[in-house]
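This structure is a prediction, so every number in the text was calculated from the model and none was measured. Letters A, B, ... are given to chains in the order of the sequence lines, protein chains preceding strands, and every chain is numbered from 1.
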2 protein chains.
Amino acid sequence: MAFFLSTFTNKVDKKGRVSVPASFRSAVAASHFPGIVVYRPLNFPCIEGADMSFLEQLSDRLYGDFGPFNPDQMSVATAILAGASQLGFDPEGRVMLPAEMRDAAGIDTHATFVGLGRKFQIWGADAYQAHLKDQLSHAAEAAPKLPPFGGGGQA
Amino acid sequence: MAFFLSTFTNKVDKKGRVSVPASFRSAVAASHFPGIVVYRPLNFPCIEGADMSFLEQLSDRLYGDFGPFNPDQMSVATAILAGASQLGFDPEGRVMLPAEMRDAAGIDTHATFVGLGRKFQIWGADAYQAHLKDQLSHAAEAAPKLPPFGGGGQA
DNA sequence: TGACCAACCATAAAAAACCATGGTATCCCA
DNA sequence: TGGGATACCATGGTTTTTTATGGTTGGTCA
């Protein structure tokens with residue numbers, strides 16, 4: 001499955017087009033759908049995206065963990081999957097962000113793409129600066145509670 | 001997974017390129033991505049690096065142990081993955097260190113690669129001299145306090 | 001016809017590939 | 001064992017390609 005790293009800030013032109021970072025494009029190139037899938041996360045004022053198989057896996061997991069007729073599952077599936085969009089690349093590797101998502105995320109002239117492993121986020125450039133600060137201080141507390149991983153050291 | 005040993009100091013040219021030690025290169029050669037992945041550790045003024053599967057493992061482990069929307073998971077993922085970069089080798093085995101990382105680590109003209117097993121660090125050559133001194137004296141005190149490990153005997 | 005959307009073309013900046021070189025350690029053979 | 005040849009590695013500069021970005025054109029649907 002695709003893997004996303006690093007942070008990139010690109011410009012949104014007046015037609016709403018944004019270049020998807022080249023490394024993100026090549027990450028999803030192998031996928032069945034040649035583009036990205038975006039949705040509104042529940043907990044942050046931003047857009048989240050991934051390749052198609054990530055959403056398929058998320059769906060499978062919801063059904064697997066809760067069963068197909070569980071109310072919690074249904075509400076989460078509706079909130080995420082029903083609002084999702086497939087965005088194809090134009091010949092230059094750009095996408096058009098849906099207007100409602102852009103508004104919801106407060107994306108104006110500059111969009112920041114944030115690689116988070118199997119998925120990524122898209123923030124308004126200014127909002128992300130503040131968010132990053134929060135996350136870093138939160139991570140300092142949260143990191144020791146998380147399971148250790150390779151290298152034998154603190155990451 | 002790749003394994004890194006020894007210490008090497010190489011020159012950084014004015015374009016920010018550094019030769020990755022040959023033994024580090026061959027360590028990651030088997031990996032899917034032909035290059036290294038670097039990120040800013042939380043606790044030291046240096047750069048840390050590993051092969052791609054190290055970060056994939058970290059990411060998948062976070063997503064596996066917690067739901068995909070857990071706040072602790074998200075903050076750590078943001079701190080590490082969003083600040084990470086994939087650095088591909090040029091045909092001569094060099095990488096371009098991102099400017100912000102070079103600044104954050106105080107790397108000027110000479111970069112010191114420090115093998116630490118599953119991962120490695122990159123320091124400014126001068127800063128590393130001081131750091132090494134600290135670590136050595138600290139290790140002498142810390143070693144006896146470590147719990148015994150493998151083989152059944154005292155280390 | 002007018003608004004919207006998708007492809008096309010152009011350009012400047014940044015990144016990657018290419019080519020050349022000097023030094024060092026290693027191998028081979030007399 | 002000595003000396004030359006050789007392979008490898010780190011380094012520097014130049015060229016080519018990619019990427020991000022802006023504008024323009026053509027088509028489509030209401």
Using a 4.0 Å heavy-atom cut-off, does [X] contact any base of the nucleic acid, only the sugar-phosphate backbone, or nothing at all?
X: A:D90; result: nothing
X: B:K14; result: sugar-phosphate
X: A:V20; result: sugar-phosphate

Give the nucleotide from the list D:dC9, D:dG12, D:dT21 with an atom nearest to the side chain of B:R94. D:dG12

Against the side chain of A:D13, the closest entry in D:dT19, D:dG13, D:dG22 is D:dG22

Closest-nucleotide mapping onto DNA chain C: is B:M96 or B:E92 further toward the 5' terminus? I mean the 5' end. B:M96

Under 4.0 Å between a Lys/Arg side-chain N and an Asp/Glu carboxylate O for B:D60 and A:R118? yes

Measure the CE-CD1 distance between A:M52 and A:I36 for me, rounded to the nearest 0.5 Å. 11.5 Å

So CD of A:E48 and CG of A:L55: to nearest 0.5 Å the spacing works out to 10.0 Å

Round to a whole Å and report the spacing from [atom1] of [X] to [atom2] of [N].
X: B:K15; N: C:dC18; atom1: NZ; atom2: P; value: 14 Å
X: B:F8; N: C:dA25; atom1: CZ; atom2: P; value: 13 Å
X: A:F24; N: D:dT19; atom1: CZ; atom2: P; value: 14 Å
X: A:R17; N: C:dA6; atom1: CZ; atom2: C1'; value: 10 Å
X: A:F89; N: D:dT19; atom1: CZ; atom2: P; value: 12 Å

Dump the intermediate steps for side-chain contact (heavy atoms from CB on, under 4.5 Å) on A:W123 and A:F44, then the final yes or no. CA-CA 10 Å; A:W123 290 77; A:F44 291 117; 4.0 Å; yes

Within the structure, does a side-chain N or O atom of B:R25 lie under 4.0 Å from either OP1 or OP2 of D:dA10? yes

Can a side chain N or O of B:K11 be found less than 4.0 Å away from OP1 or OP2 on D:dG12? yes

